[in-house]
**Q** 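Here you go, one structure.
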Number of protein chains: 2
Amino acid sequence: MWSRPRKAPRQTLTLERIVAEAVALLDEEGVTGLTMRRLAERLGTGSTTLYWHVRTKEDVLDLALDAVFGEAAMPEARPGEPWHEPVRALMGAWRSALLRHPWSATVLDRPLLGPNALARTEFLFQALIAAGFPAPGAAAHSLAGFVTGSVISQVTWQERAGEDVDVFLRERADGWPALAAHGLAPEWDATFAEGLGYLLAGMDQALG
Amino acid sequence: MWSRPRKAPRQTLTLERIVAEAVALLDEEGVTGLTMRRLAERLGTGSTTLYWHVRTKEDVLDLALDAVFGEAAMPEARPGEPWHEPVRALMGAWRSALLRHPWSATVLDRPLLGPNALARTEFLFQALIAAGFPAPGAAAHSLAGFVTGSVISQVTWQERAGEDVDVFLRERADGWPALAAHGLAPEWDATFAEGLGYLLAGMDQALG
DNA sequence: CCACTACTAGACCATCGATCCGGTCGGCGT
DNA sequence: ACGCCGACCGGATCGATGGTCTAGTAGTGG
């Protein structure tokens, strides 16, 4: 998708409009609600026309997901600041953007090669290099993977698990005592902050 | 009365057989290759029959995913061992099981409420409680989320990104210098171990 | 022997992603 | 002034999917 050249415009129906409408549709109806026909209908055109701008539906999802990444602000590094401050800020913005569009979590299983995603990954790499990691790859992947996993967990539990889950767990509390005692759905923001804190503390320690 | 109303089922097609065949089919053809029709065909039956044993295709995926979790061995805690050893072992087995069935990564966006998944979560909770976490929820979610995210990253890059990605990145190296210099696809095992090490070290530190 | 339950299957429905084929519009070269 | 070609659009259609309806069959308890 990203490596293919873009076509010249006639500007009545543009990729930008398609992507914006796709995000809106996804926000309203989730990933199963995104249909080429419905998307075309909302754009006042036929489904065939979309395929002139886009090769497959996957392309639409790629574009929509990268648009979400674009919502994550990249913090400005202030001098004298501890290295993990901008990293923490970026991961928080990253997470917030994904949570603002819960469908994005179910769509993260694709290469994040959009310009917005790459820009943020680049930012993360540079921040880690500046912090003292000569090979920031592992640290960057750990942080990105942590955010991804956290968001997926949260969205999954919030959207697809109802009260019946708690009941289910408590009814069979003898089978999973620790689970039933502490519950499965935590305070998500605090949980994320705590986990990110562990990661960053471990990295700090490794840096000596 | 004393003789149990032994409901002797037909036993020709069982849930177990369905799940086993679904896993095999998923292994061979990925998540898009799993079709109720194809699954039925492999089982020598009609697609309708599956719906007697299963309510929807989602059920099949839930069952298949839990079967994968069942492959992750739960380590035995040896006395005197540092607390993070069994945790590290569990997360490693967890990750390996998911990687052995790469389709599972794209299917992790659902509540993990199967017996196998719950048993391992319970194990994790207990290990963290024993380590000294009075409220292990956040730590457990951090670890689980980290594994989830790591696996998704790895599978995504390994399966869906080809050489063209490297070329694409290197061609535009001026836009993302750090990225192009260090590459996107690391040594996965080492990366995972390093990240998990950070997490555990941070937790150790928090425990005092 | 009957009734009932466990189980199976073919035809069918709405819908989906994608394509075929036939258009329409507008700027460019001449 | 003109025509023409590529950018753009859409109705009809294809093959396939998840799921249901209806109509069965086989084995077992009564």
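Please read these numbers as outputs of a predicted model, since none were measured by experiment. Convention: sequence-line order gives letters A, B, ...; per-chain numbering from 1.
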**Q** May I have all residue pairs that pass side chain to side chain donor-acceptor pair (under 3.5 Å) and include part of residues 29-39 of chain B, sequence neighbours excluded?
**A**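 The answer is B:E29-B:R38.
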**Q** Treating primed atoms plus P, OP1 and OP2 as sugar-phosphate and everything else as base, which nucleotides of nucleotides 15-20 of chain D get B, S or - for protein heavy atoms under 4.0 Å?
**A** --BBBB
**Q** Using atom CG of A:D59 as one end and atom C1' of C:dG17 as the other, report the distance to the nearest whole Å.
**A**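 Spelled out: CG on A:D59 to C1' on C:dG17 is 13 Å.
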**Q** Starting from the 5' end of DNA chain C, give me the residue, A:T32 or B:T49, whose nearest nucleotide shows up first.
**A**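 Residue closer to the 5' terminus by nearest nucleotide: B:T49.
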**Q** From CG of A:L25 over to C1' of C:dC16, roughly how many Å is that when rounded to an integer?
**A**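 Taking CG of A:L25 and C1' of C:dC16, I get 14 Å after rounding.
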**Q** Show me, pair by pair, the donor-acceptor contacts under 3.5 angstrom made by side chains of residues 167-187 of chain A, not counting sequence neighbours?
**A**
unit_1 : atom_1 : unit_2 : atom_2 : d
A:H182 : ND1    : A:A178 : O      : 3.1
A:H182 : NE2    : B:P134 : O      : 3.3

**Q** For residues 20-27 of chain A, tabulate all N or O donor-acceptor pairs below 3.5 Å that involve a side-chain atom, not counting sequence neighbours.
**A**
unit_1 : atom_1 : unit_2 : atom_2 : d
A:E21  : OE2    : A:R42  : NE     : 2.9
A:E21  : OE2    : A:R42  : NH2    : 3.0
A:D27  : OD1    : A:H101 : ND1    : 2.7
A:D27  : OD1    : A:W103 : NE1    : 2.7
A:D27  : OD2    : A:H101 : ND1    : 3.0

**Q** Using whole Å, report how far CG of B:L15 lies from P of C:dA6.
**A**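 Distance check: B:L15 CG to C:dA6 P gives 14 Å.
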**Q** What is the distance, to the nearest angstrom, from the CG atom on A:L43 to the P atom on D:dC9?
**A**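 For the pair A:L43 CG and D:dC9 P, the rounded distance is 10 Å.
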**Q** Under 4.0 Å between a Lys/Arg side-chain N and an Asp/Glu carboxylate O for A:D62 and A:K57?
**A**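 Here A:D62 does not pair with A:K57 in a salt bridge, since their nearest N and O are not under 4.0 Å apart.
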**Q** Which ring pair (Phe, Tyr, Trp, His ring centres under 6.0 Å) pairs, counting each pair once, include a residue from residues 47-67 of chain B, with sequence neighbours left out?
**A**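 Ring pair (Phe, Tyr, Trp, His ring centres under 6.0 Å) check on residues 47-67 of chain B returns no pairs.
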**Q** Take the protein atom CD of B:E41 and the nucleotide atom C1' of C:dT8, then report the distance between them rounded to whole Å.
**A**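 For the pair B:E41 CD and C:dT8 C1', the rounded distance is 16 Å.
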**Q** Report yes if at least one side-chain N or O of A:H53 is closer than 4.0 Å to OP1 or OP2 of D:dA7; otherwise report no.
**A**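 For D:dA7, OP1/OP2 do not have a side-chain N/O of A:H53 under 4.0 Å.
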**Q** What is the distance, rounded to the nearest whole Å, between atom CH2 of B:W52 and atom P of D:dA26?
**A**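 My rounded result for the distance is 18 Å.
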**Q** Taking only residues two or more places apart in sequence or in another chain, which ones pass side-chain hydrogen bond (donor to acceptor under 3.5 Å, both in side chains) with A:D109?
**A**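 Once residues adjacent in sequence are excluded, A:D109 has no partner under the side-chain hydrogen bond (donor to acceptor under 3.5 Å, both in side chains) criterion.
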